[in-house]
Structure formats: structure tokens, C-alpha cells
Amino acid sequence: MADKQTLARPYAQAIFDLARETNTLEQWSHALAAGREFAANADVMAIVNRPTISEADQIGLLSSLAASLGDTYVFGDASGEGLNVLKLLIENDRIAVLPEIADHYETLKSEIEQTVDATVTSAVELSEDSLAKIRDALAKRLGQHVSLSTAIDPDLIGGAVISAGDFVIDGSVKTRLARLANALTH
């Protein structure tokens, strides 16, 4: 069997094409985030994968779960596009691939919106002013809009690590100390 990334790609592309055509990129983003949640839940997947549960019951359960997780549009849409996607995923035994579909979809969405997700990990919480400066500098360097999230890691001692995909700037004190120790011992 092909790996999950390979299986997810055509579904993500089809969903992305549909979302662009219907101007529902953000709604699908929320729906796929909900799908990621229930596909990652072992209890939900145990119920969905029972051989005795009908396809209609599977769709009903998953659309109800999606609604409870904040998707009130796509998987409950009266036009049926979201329900058709759920049906297709169930028929092809691909519900477990929803997290990878969501990842690929977000990559496609980011490309079209020319945005990049970046994370700033620091030893302490950074001020809004500092985050704005980092966001602006990254946007200038990468030539894209930057969606910035933060994380705290006290082990960094000071400074920060900024990552955006494969692009990483490590300005942490922890790394600087490790480099100094390495230089002194070699």
C-alpha cells in the first residue's frame, strides 16, 4: 500500500480545486482541521472502522463530530460537497488519511495566498512589538506574508529559534553555548 502522503495528495488537490472554485478556502480549512481531530482520535476511528456500521451512519457520525469541532459549513453543507467528500473517503477507506490531506491542503492554500507559517520559540514570552518586528523581517526576507505562532522553551536560556518550513534561524543562547563548547574541545 502507498504511504499516507501519496494517498493524501490527490484528495487534497481535488478539495483545494473545489474550494477555490466555490470561494470556500477558509471553510474547507476549518473542516479539514476538524477532520484531522477526529481521524487522530482512536475511539472515533474504532467506531468508524466497525464492519457493522453503515456508510450513512459513518457519514452522520463524522459530520456531527466535525460540527462539534467547529465546522458548521462544509461537512454539513446542504449542497452536499463536504458530505460527498466524506462519502468518497469512507468508500475508499481513506478517513485515516485526513491529517495528511489537511496538511497538503494547507500547503496548497499557503502557496496561493503567498503566506508561510513560522514559529518563534523563545525562553520567555516575547512582546507584541518584538513579534511584529520578527514577522516584518521574515516577510521581507521570504517575500511572503508570515503567519506567526509562538512557543516557549526555557531550555533555550535566552534568544530565540525561528523556523518557517526548512528555513531556520537559531539565535538561542543554548546553541551559542554548544558551539563555544564544541570549539573549545576541538
Side-chain angles (χ1 to χ4, degrees), residues 1-41 44-45 48 58-59 61-121 126 128 131-151 160-169:
M1 180 198 242
D3 74 338
K4 287 185 172 187
Q5 300 296 328
T6 302
L7 293 172
R9 213 169 276 119
Y11 290 100
Q13 184 66 56
I15 292 168
F16 178 74
D17 292 343
L18 172 66
R20 282 190 68 190
E21 183 179 302
T22 58
N23 198 28
T24 55
L25 286 170
E26 202 58 40
Q27 290 90 337
W28 275 99
S29 193
H30 291 296
L32 291 171
R36 174 188 325 234
E37 293 286 323
F38 59 69
N41 185 308
V44 170
M45 293 308 293
V48 169
Q58 287 175 324
I59 292 170
L61 170 68
L62 295 177
S63 63
S64 295
L65 284 172
S68 73
L69 292 169
D71 169 46
T72 56
Y73 179 77
V74 172
F75 292 133
D77 183 16
S79 71
E81 293 161 342
L83 296 178
N84 286 340
V85 168
L86 278 179
K87 182 177 179 182
L88 184 66
L89 293 172
I90 289 167
E91 286 174 356
N92 293 314
D93 194 27
R94 299 291 187 255
I95 291 296
V97 185
L98 265 167
E100 290 78 10
I101 293 171
D103 290 344
H104 282 294
Y105 177 87
E106 289 303 323
T107 299
L108 293 168
K109 183 174 172 262
S110 292
E111 287 172 6
I112 197 75
E113 293 175 340
Q114 292 190 328
T115 60
V116 63
D117 293 328
T119 303
V120 176
T121 305
L126 298 174
E128 286 301 318
L131 292 174
K133 288 178 183 175
I134 292 169
R135 184 180 301 108
D136 292 345
L138 276 175
K140 184 176 179 182
R141 177 133 186 211
L142 299 174
Q144 294 181 308
H145 297 286
V146 175
S147 174
L148 200 59
S149 61
T150 60
V161 176
I162 302 167
S163 60
D166 294 337
F167 179 75
V168 177
I169 300 170

Heavy-atom closest pair, residues A102 and R36: CB-NH2, 2.9 Å

Would you find a donor on one side and an acceptor on the other, under 3.5 Å apart, between the side chain of S29 and the backbone of L25? no

If you take all heavy atoms of L131 and L148, which pair is closest and at what distance? O-CD2, 3.5 Å

So, applying side-chain contact (heavy atoms from CB on, under 4.5 Å) with Q144, which one of L138, V116, T115 is it? V116

Minimum side-chain heavy-atom gap L108-E111 below 4.5 Å: yes

To the nearest 0.5 Å, how far apart are CD in E100 and CD in Q5? 5.5 Å

Is the shortest side-chain heavy-atom distance between L126 and I134 below 4.5 Å? yes

Looking at side-chain heavy atoms only, is the closest gap between S63 and L83 below 4.5 Å? yes

Would you say that I169 contacts R141 through its side chain, given a criterion of any heavy-atom pair below 4.5 Å between the two side chains? yes

Euclidean distance, M45 CE relative to L62 CG, rounded to 0.5 Å: 7.5 Å

Is I15 close to I101 at the side-chain level, that is, under 4.5 Å between some pair of heavy atoms? yes

Does a side-chain heavy-atom distance below 4.5 Å link Q13 with R9? no

Between CG of L18 and CD of E81, what distance do you get to the nearest 0.5 Å? 4.5 Å

About how many Å separate CZ of F16 and CG of L32, when rounded to the nearest 0.5 Å? 12.0 Å

Within the structure provided, determine whether Y11 and L89 are in side-chain contact (heavy-atom separation under 4.5 Å). yes

NZ-CZ distance between K109 and R20, expressed to the nearest 0.5 angstrom: 12.5 Å

Is the closest side-chain donor-acceptor distance between N41 and E37 under 3.5 Å? no

d(K87 NZ, I90 CD1) to nearest 0.5 Å is 10.0 Å

Nearest heavy-atom contact between W28 and G82 is CH2-CA, 3.7 Å

Search all heavy atoms of A8 against all heavy atoms of H104 and return the closest pair with its distance. CB-CD2, 3.8 Å

So with a 6.0 Å cut-off around CD of E128, is the heavy-atom count from everything else above 12? no

Are F38 and L61 packed together at the side-chain level, in the sense that at least one heavy-atom pair is separated by less than 4.5 angstrom? no

